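Structure first, then comments.
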Amino acid sequence: MSPKEAITHVRDGQRIMVGGFNYGGIPYTLVDALVEAGTRHLRLIANDTAYEDVGHGKLVCNGQVDSVIASHVGLNKTTGALYHEGKLDLELSPQGTFAERIRAGGFGLGGILTPTGIGTVVEEGKEIIEVDGRKYILEKPLTADVALIKGHKADRMGNLTYFGTNQNFNPAMATAAELVIAEVDAILEVGELDPVEVVTPGMLVDILVVKGDSYYAART
């Protein structure tokens with residue numbers, strides 16, 4: 001499917017997960033198509049908000065995002081500025097907690113218990129549960145309407161491999177969204193992928209898109 005056609009499945013107001021960590025593992029082609037589509041009032045769930053002119057950072061700067069859940073936003077100054085101007089809701093979640101909340105969402109769990117943040121502002125407004133004399137924060141699971149993820153190779157059944165650390169949050173997000181759109185470097189025939197290299201099974205992937213030739217997308 002073309003990126004433009006694939007991205008028509010993302011609608012105003014939806015919760016979207018976008019894979020990636022800094023420059024690695026971002027589905028650049030899909031994000032650029034979403035920027036071009038102008039879909040608005042998105043609720044973005046991503047490890048970070050990238051940079052102002054890179055990847056999903058463009059969505060924030062283009063005013064397409066109403067809220068962000070992330071573990072780090074310092075590289076995109078516009079994210080902080082919009083938050084302080086009251087134009088963007090922002091929830092910072094410690095990175096390990098963020099990853100586990102997505103995993104919990106993907107596996108249908110009610111949340112996770114973590115000691116990270118006890119005694120800090122992170123615990124404010126959250127349920128604290130004591131287990132064997134130790135306090136834990138109940139962090140609720142994260143799910144999305146659509147996940148935009150970046151794989152390396154796919155077969156026509158949607159089975160995905162990943163390239164190095166580009167794997168980062170992509171496999172977990174593939175389990176936690178109602179619709180999963182994967183951008184890949186190449187699509188192979190069934191049987192051409194070594195089964196032991198498959199990380200995300202095809203049953204989790206709904207749409208495949210081959211990456212474009214933009215500056216970042218062209219670099220695996």
Side-chain angles (χ1 to χ4, degrees), residues 1-20 25-71 73 76 78-79 82-83 85-93 98 101-108 140-151 154 158 160 168-184 187 200-212 214 216-217:
M1 186 178 292
S2 72
K4 185 176 181 178
E5 184 178 3
I7 222 66
T8 62
H9 294 273
V10 183
R11 297 186 173 84
D12 289 353
Q14 287 192 317
R15 295 166 295 144
I16 64 164
M17 289 181 174
V18 178
I26 295 173
Y28 290 104
T29 304
L30 290 171
V31 170
D32 285 345
L34 188 57
V35 171
E36 184 176 350
T39 311
R40 305 188 70 80
H41 304 301
L42 297 171
R43 291 175 283 169
L44 175 65
I45 301 169
N47 175 63
D48 51 59
T49 50
Y51 299 82
E52 290 166 310
D53 58 347
V54 175
H56 47 288
K58 298 178 184 177
L59 294 169
V60 176
C61 296
N62 204 33
Q64 294 175 251
V65 175
D66 285 357
S67 67
V68 171
I69 300 176
S71 67
V73 298
N76 186 330
T78 299
T79 303
L82 290 173
Y83 169 72
E85 292 170 7
K87 297 178 180 177
L88 180 75
D89 290 331
L90 174 62
E91 178 184 345
L92 289 175
S93 186
F98 177 78
R101 291 174 70 189
I102 296 170
R103 187 185 67 82
F107 284 83
K140 294 185 177 178
L142 292 174
T143 58
D145 298 299
V146 183
L148 306 181
I149 66 171
K150 174 68 171 69
L160 299 181
N168 53 67
F169 295 93
N170 288 296
M173 289 181 173
T175 69
E178 293 294 325
L179 182 78
V180 176
I181 307 175
E183 174 181 337
V184 295
I187 300 175
T200 297
M203 64 181 295
L204 296 175
V205 178
D206 300 289
I207 297 173
L208 288 174
V209 170
V210 176
K211 71 178 181 181
S214 67
Y216 293 111

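Values below: every heavy atom of this structure, side chains too, minus hydrogens, waters and symmetry copies. Keep in mind that this is a model prediction, so the values were computed, not measured.
In this structure, Glu183 and Leu148 have side chains that are not in contact, with every pair of non-hydrogen atoms separated by 4.5 Å or more. Side-chain contact check for Thr79 versus Glu52: every heavy-atom pair is 4.5 Å or farther apart.
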Handout entry: Verdict with supporting geometry, Leu34 and Ile16, side chain to side chain contact (heavy atoms under 4.5 Å, CB included)
Key = CA-CA 11 Å; Leu34 188 57; Ile16 64 164; 3.8 Å; yes
Exercise for the section: Begin from the C-alpha positions of Arg103 and Thr175 and carry the test side chain to side chain contact (heavy atoms under 4.5 Å, CB included) through to its verdict. Expected result: CA-CA 8 Å; Arg103 187 185 67 82; Thr175 69; over 6 Å; no
Practice task
Test side chain to side chain contact (heavy atoms under 4.5 Å, CB included) on Asn168 and Asn47 and set out the steps.
Solution key: CA-CA 9 Å; Asn168 53 67; Asn47 175 63; over 6 Å; no
Handout entry: Candidate pair Leu160 and Leu204, rule side chain to side chain contact (heavy atoms under 4.5 Å, CB included), full reasoning
Key = CA-CA 10 Å; Leu160 299 181; Leu204 296 175; over 6 Å; no
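One distance of note links CG of Asp89 with CG of Leu82; it measures 11.0 Å at 0.5 Å rounding. The line from CD1 of Ile181 to CG of Asp206 is 8.0 Å long, rounded to the nearest 0.5 Å. Interatomic distance, CG of Asn170 versus CD1 of Ile26, reported as 9.5 Å (0.5 Å rounding). Between atom CG of residue Leu92 and atom CZ of residue Phe98 there is a gap of 10.5 Å, rounded to the nearest 0.5 Å. Here the NZ atom belonging to Lys87 is positioned 11.0 Å from the OG1 atom belonging to Thr78, to the nearest 0.5 angstrom. Between Thr39 atom OG1 and Gln64 atom CD the span is 6.5 Å, to the nearest 0.5 Å.
Among pairs with a residue in residues 26-54, those fulfilling ring pair (Phe, Tyr, Trp, His ring centres under 6.0 Å) read Tyr23-Tyr51, Tyr28-Tyr216, at least two apart in sequence or across chains.
Nearest approach of Val54 to Ala50, heavy atoms of both residues: O-CB, 3.3 Å. Here the shortest heavy-atom pairing between Pro27 and Gly19 reads CD-O, 3.6 Å. Across all their heavy atoms, Ala46 and Val18 have their closest contact at CB-O, 3.5 Å.
The pair Asp145-Arg15 meets the salt-bridge criterion, since a charged nitrogen lies less than 4.0 angstrom from a carboxylate oxygen. Ion pair Glu91/Arg101 flagged as a salt bridge, since at least one NZ, NE, NH1 or NH2 atom sits closer than 4.0 Å to an Asp/Glu carboxylate oxygen.
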List, one per line, each side-chain donor-acceptor pair under 3.5 Å for residues 1-10, sequence neighbours excluded.
residue : atom : partner : partner atom : Å
Ser2    : OG   : Glu5    : N            : 3.1
Thr8    : OG1  : Glu5    : O            : 2.5

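Surrounding CD of Glu178 are at most 12 heavy atoms belonging to other residues, nucleotides or ligands under 6.0 Å away.
Judged by distance alone, the side chain of Thr143 and the main-chain N or O of Ala176 form no donor-acceptor pair under 3.5 Å. Listed for the Arg43 side chain is a donor-acceptor partner under 3.5 Å among the backbone atoms of Gly13.
Tested against Thr49, the residues Asn76, Leu59, Leu88, Leu90 include a single side chain to side chain contact (heavy atoms under 4.5 Å, CB included) partner, Asn76.
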